[in-house]
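Below is one structure, written out as C-alpha cells; comments come after it.
What you see is a predicted model; the values in this text were computed from it and never measured. Just so we're on the same page: letters track the sequence lines, and every chain starts at 1. Values below: all heavy atoms of this structure, side chains included; hydrogens, waters and symmetry mates excluded.
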Protein chains: 2
Amino acid sequence: MPAPHYGQPRYRVIAAELRRRIESGVIPPGALLPAESVLTVEFRASRGTIRQAIAVLRETALVVTEHGRGTYASPHPLGSRATTGARPETGLREVAADPELAALFAVEVGTALVEQQSIDRTNGVVEAVVRTYRLLRPND
Amino acid sequence: MPAPHYGQPRYRVIAAELRRRIESGVIPPGALLPAESVLTVEFRASRGTIRQAIAVLRETALVVTEHGRGTYASPHPLGSRATTGARPETGLREVAADPELAALFAVEVGTALVEQQSIDRTNGVVEAVVRTYRLLRPND
DNA sequence: AGAAATTTGTCCGTATGTATC
DNA sequence: AGATACATACGGACAAATTTC
C-alpha cells in the first residue's frame, strides 16, 4: 500500500490529532509524548511522517523536543514563570498585538498574545530568530 | 554508499553551493533552478537530500517553489522596493534590529535584518503568525 | 480538447551516524 | 555498555499541478 493522501497530507492529519490531544489535555502540559516508534504503530505511518508531523507542532512551539530524550508538550503557563533574572534567549512572553497582528487574528489592537521565541543555531552561530504569535485562547 | 555525514551534512553543502550560484548571478533572479531530478544527477544525491537542500534556501526566501512548475530564484528586491501598497500577509520585509535581536545576532542596534512573516492557518483560521529574522548576509 | 510528459508533493521502508540517558 | 531518540541519506512509489504536444 503506497501512499494515497486525499485531502490533507498524512503528516498534517497526524499533527492535528496530536495538537488536539495536547490542547484538550489528553497529553498534559510538560508531559512526554509517546515515542516515535509508538506513534508509528498507532498511526501506521513511517518514522519520517511522524517526525514531520511533530515538526509541524514544533514550528508553533506547541511541543519541545530534546535530543536523546524525547518530545514534550509545551507547558503553556503564561502567568507563572519566574525567570532567572537574565532573559532566557528562548521562551514564552506575553505581548500586545500590533495593528498587523491584530488584523490577522481578528482582535483589537493591544490584545494580549503569546509570543514564543526560539533560536536557530548552527555551531553556536545564531542563524535565525523565530517569533511565533498565538492567541491565548484559540477560537477553535 | 550508506549515509555518513561527517562535518557538514550533504544537504547543507548542496544548499551552500546553490546559494552561491544564485548570489553570484550564475542563476539570475527570477530564473528557474534545474529540476530536482537534474540536481540529483549533478550532485549525485538522492531526491530527498536535494529537496532538503532546497528547503534550506526556501527558509531564507532565497527561492520560491511552485507545485508542478519548479523552483525559482527569488527576484531579490530587498533594496529595490516596489511594494504593492497593501502589505501582503506573508512575505519579506526589512526591519531594524531591536536590542534583543541585535544582541542575539551580535550586531548593532538598528542593523537591517530580513523579516520573513508566514501565517499558519487551519480552515482559514489564523492559528499562528511566525516571524523569522535573519541577517542579510549570512556568515556561512 | 485531451493525452502525455515534466515537476514538485507526499509517503514508505530501510540503513547508518550521532547524541543522550 | 546498552537503550532510546534524533539526524541524515538512500531508493522507490503514487499524487497533484503545470506545461507541452
Before you tell me yes or no, could you show the steps for A:Tyr133 and A:Asp98 under side-chain contact (heavy atoms from CB on, under 4.5 Å), namely the whole-Å CA-CA distance, both residues' side-chain angles and the distance that decides it to 0.1 Å? CA-CA 11 Å; A:Tyr133 301 88; A:Asp98 64 36; over 6 Å; no
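Rounding to whole angstrom units, CD of residue B:Gln8 and C1' of D:dA7 are separated by 13 Å. Nucleotide D:dT4 holds its P atom 15 Å from the OH atom of A:Tyr72, rounded to whole Å. Computed from coordinates, the B:Ile14 CD1 to D:dT8 P distance equals 13 Å when rounded to whole Å. A straight line from CD of B:Gln52 to C1' of D:dA9 spans 8 Å, rounded to a whole angstrom. If you take NE2 of B:His67 and P of C:dT10, they are 8 Å apart, rounded to a whole angstrom.
For B:Tyr11, no side-chain nitrogen or oxygen approaches OP1 or OP2 of D:dA9 to under 4.0 Å.
Listed by first then second residue, pairs satisfying salt bridge (charged side-chain N to carboxylate O under 4.0 Å, His left out) with a partner in residues 37-46 of chain B read B:Arg21-B:Glu42, not counting sequence neighbours.
With a 4.5 Å cut-off on side-chain heavy atoms, A:Leu101 and B:Arg131 count as touching. Counting heavy atoms from C-beta on, the side chains of B:Leu113 and B:Leu135 come closer than 4.5 Å. Side-chain contact check for B:Phe43 versus B:Val13: every heavy-atom pair is 4.5 Å or farther apart.
Listed by chain and residue number, B:Ser46 satisfy the side-chain hydrogen bond (donor to acceptor under 3.5 Å, both in side chains) test with B:Thr49 (two or more places apart in sequence, or in another chain).
DNA chain C is contacted by B:Ala35, B:Glu36, B:Arg47, B:Arg51 of residues 32-51 of chain B, taking any non-hydrogen atom closer than 4.0 Å.
Of the candidates C:dG9, D:dT8, C:dT10, D:dT8 carries the atom nearest the B:Pro9 side chain, counting heavy atoms from C-beta on.
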